[in-house]
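In the text below, chain A, chain B and the rest are named by the order of the sequence lines, each starting its count at 1. These values consider heavy atoms only, across backbone and side chains, with no hydrogens, waters or symmetry-generated copies.
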Amino acid sequence: MDPKKNKNNLIGKSIPRIDAPAKVTGKALYTGDIVLPGMLHGKILRSTVAHAKILNIDISAALALPGVKDVITAKDTPCVKFGNWRLFPQTQDELPLALDKVRFIGDEIAAVAAISAEIAEEALTLIKVDYEIIPAVFNVDDSLASSAPMIHDGNPDNTSNISLDRKIDVGDIEAAFKDAYYVREDSFTVHSHSHAYMEPCASLAEVDSEGRVTLYTSTQTPYIVQCLLASTMEIPENYVRVIKPSVGGGFGGKMELRAWDFCSAFMAKRTGRPVRIVLTREDELAVGRRRHGMKIKSKVAFNKDGTIIAKDFEAYLDGGAYNSMGPTATFLCGNFGAMIYRYPVYRYRGYHVYTNLPPSGAMRGFGAPQALYVSETQMNMAAVDLNIDPIELRLKNAMVTGDKIEGVTTISSAGLVESITKVAEMTNFLEKKKNLPKNKGIGIGCYSFISGGVFNWFNTQYNFSSCEVRVYDDGTAHLLTMSADIGQGSDTVLRQILAADLGLPVEKIRLTAGDTAMTPKCDLGTWGSRVTLMNGNAILDASKKIKEQLSKMASLKFDLNVIHEVSFSDERVYAKANPKRGITFGEAVKMWVKANRGEELTARGYYTPRDKGLTTPAYSFGAQVAEVDVDPETGVITVERITTAHDCGTVINPLGVEGQLEGAIQMGIGYTLCEQFAMRDGKTLNTTFLDYKIPAAEDMPEIVSAAIDTYEPEGPFGAKEAGEGLVIPTAPAISDAVFQATGYRCKELPITPEKILRATGKI
Amino acid sequence: MISVSEKFYFYYFYHVFKHYFSIQQIGIMSKVKVTLKVNGDLYEAAVNQSKTLVEVLREDLQLVGTKIGCQTGDCGACTILLNGKSVCSCLTLAIEAQNKEITTIEGIAKSGEELHIIQEAFVNEGAIQCGYCTPGMVMSAKHLLDKNTTPTELEIRQALSGNLCRCTGYARIVKAVQVASEKINQSVTEK
């Protein structure tokens, strides 16, 4: 391994997560575990109809119920609209509580705070809402029909239910298709599914006598929640402190201000008592954010030898009732339509469409799983039609380091070719595919994903990632960062990065994270696989400043020549050329403090991607092979083995990366085979884990993986994205394997036994 | 002792009719005194008869290590041991647990500084990510290893199938249980 990557033997080392002992003993506190003195319990009243005007809300009976301390509706609040895309205020279409109209079953209407959860729940039943029902639309086609009701009316800019669109044009699309040898044109439907994080959302707020809010919330983005809670409450950001306790998973579903955050803070202010709201699983499955379902049309032109010459890609995203993170999904779907292979000519038209369904939001992969399911499935179809093996077809077109999407992005490191070659070799793919036993299939899918976003949609005035490092004469350091560990392991990896750079053991790094009042502004949070690269770079920036100061001490003490390099390892600061000439880290800090008359040695570090195109500073890549068995009588698919080769740059913590991979496969298999919302007239019918199936331990296949060794120049120690992109390739790989086993090519996810039996003529 | 049918009667009655009657009107909501033996300690609490064990553990006894993930017995986050058997404490009424031995995640480590073998294996094998399913997983693993110290991989997967995890894909959890089982057998042999 490259020595610059294996710094102080800490980079590339499997270190158990630092919060594991607390979690395994039940001591780790999640928001719903925290109780404050005098705390009230809050509950939220949700719309029972999909689309209606609110004529009247009568809260008098609820207020009169003994034990009820507060009931609020929109009329009690400042009614400030919010949304994550602050750069474009017209996309901010949501109110904490619905004012004059409800737009989906589950839209929040009122909130209650009471001395017990039971009383709060009973009070909800006493609130009377008079509705005037409006016709509703539950899919993209109906929503775009000329007779469709306007879901967000009152805004003169809105002339249809398309809330926004995104266009990409590279080259002359008409000319390219005219010259094509072979054109593959298909329509796909990709479905929605749930994050199904195990911890239902919760919030707990207290407000002091000066009106300053402390909000504990299950979030991946403390900074975003801080800013949007401040704007919706019409108070300065500095008066809002957001604390992220342990978070039980997010996967994109916890990256916005949500109604319960606002309602607990607002009712805490009015009552003078802390208010906690804890959602149920039924809430989460019935009305929670979800992945965007999409209708995608894709047309790809090839030369005779399999070289891709053009692609025309059109996506309609079912956004549900509000924009949420839909703009990003629309943007990234178009970006990933053009990814992983070289498309010299590319056209994208993406439309985000309002419907009267629960809003779709960010979810692991963020538009890429949908786009790449289509792309990868078409590659597998084209391979059959062109009579080229799917490995060769991919290798011929695969992106390599230095490739560009004109005006969008440049690929600074790519291990796609190596991943495809490796996974084919690991599985003996071509040989196996030629000699498949009956009812068995083998298929391949590839992916790429971003390492955080470049585009400043949140319109922050601060650096994208920041941190502070404080070092002490006892030889320890304190790292302060707003970044949010929601289970992915960033608290461990960030400590590892600082420890490696300062030459200290991980145990000597103390960490304060996820608290907006204690940590430097800002960090945009956990989404888009951004934390390791962006916060890691901010940490290296701060660490460099600390090392510059401490190098002076070693240099002075040992009268080092100006050309001498000073090294930091084994808790020592020393001349690289002569390690004996050195002092301990703690001594160096002590000298610095003395030399500066008692000042504390601290440094701030920052990172904001600049001049990195429109999308991301770095892309991960990888390839995955699925091997399946399909029962011809029942259509039941058993995934037997999943093999992955992935390029995430330098692996900082292999234990963490492998855990991400295995978890992504669980989510990928669920998405492909068994997870789907059963909807009727806008109502989600499967609201328990009994009816909404996520794979259990028995359902999982054998998992084999290999990391491809690459170095990302923009990443800390060469690291880039790991874990989020891995959820992408499973669906196309399984889908191709099912095709090999049964002849059924799935263009409408999920792949169910029923669809297979219909395709094979059994029913 | 309360029978199973009575348990479902309470549960059903409470959840179906809570929207139609005020709490005071529902007679069965009156509080009763229960004595619970949790992790070897005796606790007394006055609880509504319809309160589930997990609610009493978390709210009255402040043992919040046991998590609530679904309240329908599907996810296993609330798994505890009742007389040595793993049960969903969200489907168990508190009054049903009277006079039974209750073990929660807080009760299995040897001390504040020393973990149980299963816990240690979960930490070292990377079986924990967000950690929300972890207490329930550990209790299910404990139930399994208490009755079968040499489970096969399939037996481990079957034993954990009532516990859902969204982060890990279960691979490292299964590995942790295997490692724990080896260590338990080692310590038995050494003795």
Side-chain angles (χ1 to χ4, degrees), chain A residues 14 16-17 19-30 32-35 65 116 118-119 121-122 124-125 195-200 246-251 278 280-282 486-489 655-656 658-667 688-690 694-700 703, chain B residues 18-20 22-23 29 48 58-59 62-75 77 104-106 108-109 112 115-116 118-120 122-135 138 154 156-174:
Chain A
S14 282
R17 3 175 0 112
D19 58 1
K23 285 176 171 173
V24 85
T25 49
K27 286 178 198 147
L29 290 180
Y30 299 77
D33 299 334
I34 303 171
V35 177
L65 186 70
S116 77
E118 289 82 2
I119 294 174
E121 198 161 315
E122 193 185 344
L124 292 186
T125 66
H195 306 86
Y197 35 71
M198 297 317 295
E199 181 211 11
S246 290
V247 172
F251 312 109
V278 181
T280 63
R281 179 60 54 188
E282 189 185 352
I486 56 168
Q488 85 276 32
L655 197 63
E658 286 158 20
Q660 285 289 310
L661 165 74
E662 290 149 2
I665 289 170
Q666 191 254 22
M667 196 177 273
T688 67
F689 279 138
L690 191 63
I694 71 169
E698 266 186 285
D699 305 322
M700 292 297 293
I703 294 171
Chain B
K18 64 187 174 186
H19 299 305
Y20 301 100
S22 77
I23 290 164
M29 297 294 292
N48 287 328
R58 288 175 54 85
E59 292 162 20
Q62 289 160 32
L63 293 169
V64 294
T66 304
K67 303 300 178 201
I68 297 177
C70 69
Q71 288 177 302
T72 50
D74 298 314
C75 81
T104 70
I105 190 67
E106 289 92 347
I108 65 166
L115 299 175
H116 185 276
I118 299 173
Q119 292 174 315
E120 202 176 81
F122 267 63
V123 171
N124 293 335
E125 296 306 317
I128 301 162
Q129 287 187 31
C130 87
Y132 202 76
C133 74
T134 306
V138 169
L154 181 64
I156 295 172
R157 287 183 183 273
Q158 284 168 341
L160 299 181
S161 269
N163 295 78
L164 297 177
C165 168
R166 192 55 153 175
C167 301
T168 65
Y170 309 99
R172 261 141 237 285
I173 295 174
V174 172

Can you name the closest pair of heavy atoms from [X] and [Y] and give their distance?
X: A:Gly248; Y: B:Tyr132; answer: CA-CB, 4.0 Å
X: B:Val123; Y: A:Pro16; answer: O-CB, 3.4 Å
X: B:Arg166; Y: A:His195; answer: NE-O, 2.8 Å

Straight-line distance of [X] [atom1] to [Y] [atom2], nearest 0.5 Å:
X: A:Glu199; Y: B:Ile68; atom1: CD; atom2: CD1; answer: 11.5 Å
X: A:Glu698; Y: B:Gln158; atom1: CD; atom2: CD; answer: 4.5 Å
X: A:Glu118; Y: B:Asn48; atom1: CD; atom2: CG; answer: 6.5 Å

[X], part contacting chain B, at a heavy-atom distance under 4.5 Å:
X: A:Glu282; answer: neither
X: A:Leu661; answer: neither
X: A:Ala28; answer: backbone

What residue in [options] has the most heavy-atom pairs under 4.5 Å with chain A?
options: B:Gly131, B:Gly162, B:Gly65; answer: B:Gly131
options: B:Gly73, B:Cys165, B:Gly112; answer: B:Cys165
options: B:Gly169, B:Gly69, B:Gly126, B:Cys130; answer: B:Cys130

SB check A:Asp33 B:Lys67 (cutoff 4.0 Å): yes

Is the shortest distance from a Lys or Arg side-chain nitrogen in B:Arg172 or A:Glu658 to a carboxylate oxygen in the other one below 4.0 Å? yes

Is it the backbone or the side chain of [X] that comes under 4.5 Å from a heavy atom of chain A, or both, or neither?
X: B:Tyr170; result: side chain
X: B:Ile173; result: neither
X: B:Leu164; result: both
X: B:Thr168; result: backbone
X: B:Glu125; result: backbone

Please determine whether side chain to side chain contact (heavy atoms under 4.5 Å, CB included) holds for the pair A:Leu690 and B:Thr72, giving the CA-CA distance in whole Å, both sets of side-chain angles, and the decisive distance to 0.1 Å. CA-CA 8 Å; A:Leu690 191 63; B:Thr72 50; over 6 Å; no

For chain B, which of [options] has the most heavy-atom pairs under 4.5 Å?
options: A:Ile694, A:Thr688, A:Ile703, A:Ile665; result: A:Ile694
options: A:Ala697, A:Ala696, A:Gly663; result: A:Ala697
options: A:Tyr30, A:Phe251, A:Tyr197; result: A:Tyr30
options: A:Ser246, A:Ala196, A:Gly249, A:Gly32; result: A:Ala196

If you apply the rule side chain to side chain contact (heavy atoms under 4.5 Å, CB included), what do you find for A:Thr280 with B:Gln71, and how did you get there? CA-CA 8 Å; A:Thr280 63; B:Gln71 288 177 302; 3.9 Å; yes

List the steps and the verdict of side chain to side chain contact (heavy atoms under 4.5 Å, CB included) for B:Gln129 and A:Gln660. CA-CA 9 Å; B:Gln129 287 187 31; A:Gln660 285 289 310; 3.4 Å; yes

Passes side chain to side chain contact (heavy atoms under 4.5 Å, CB included), B:Ile105 versus A:Thr25? Steps please. CA-CA 6 Å; B:Ile105 190 67; A:Thr25 49; 5.5 Å; no

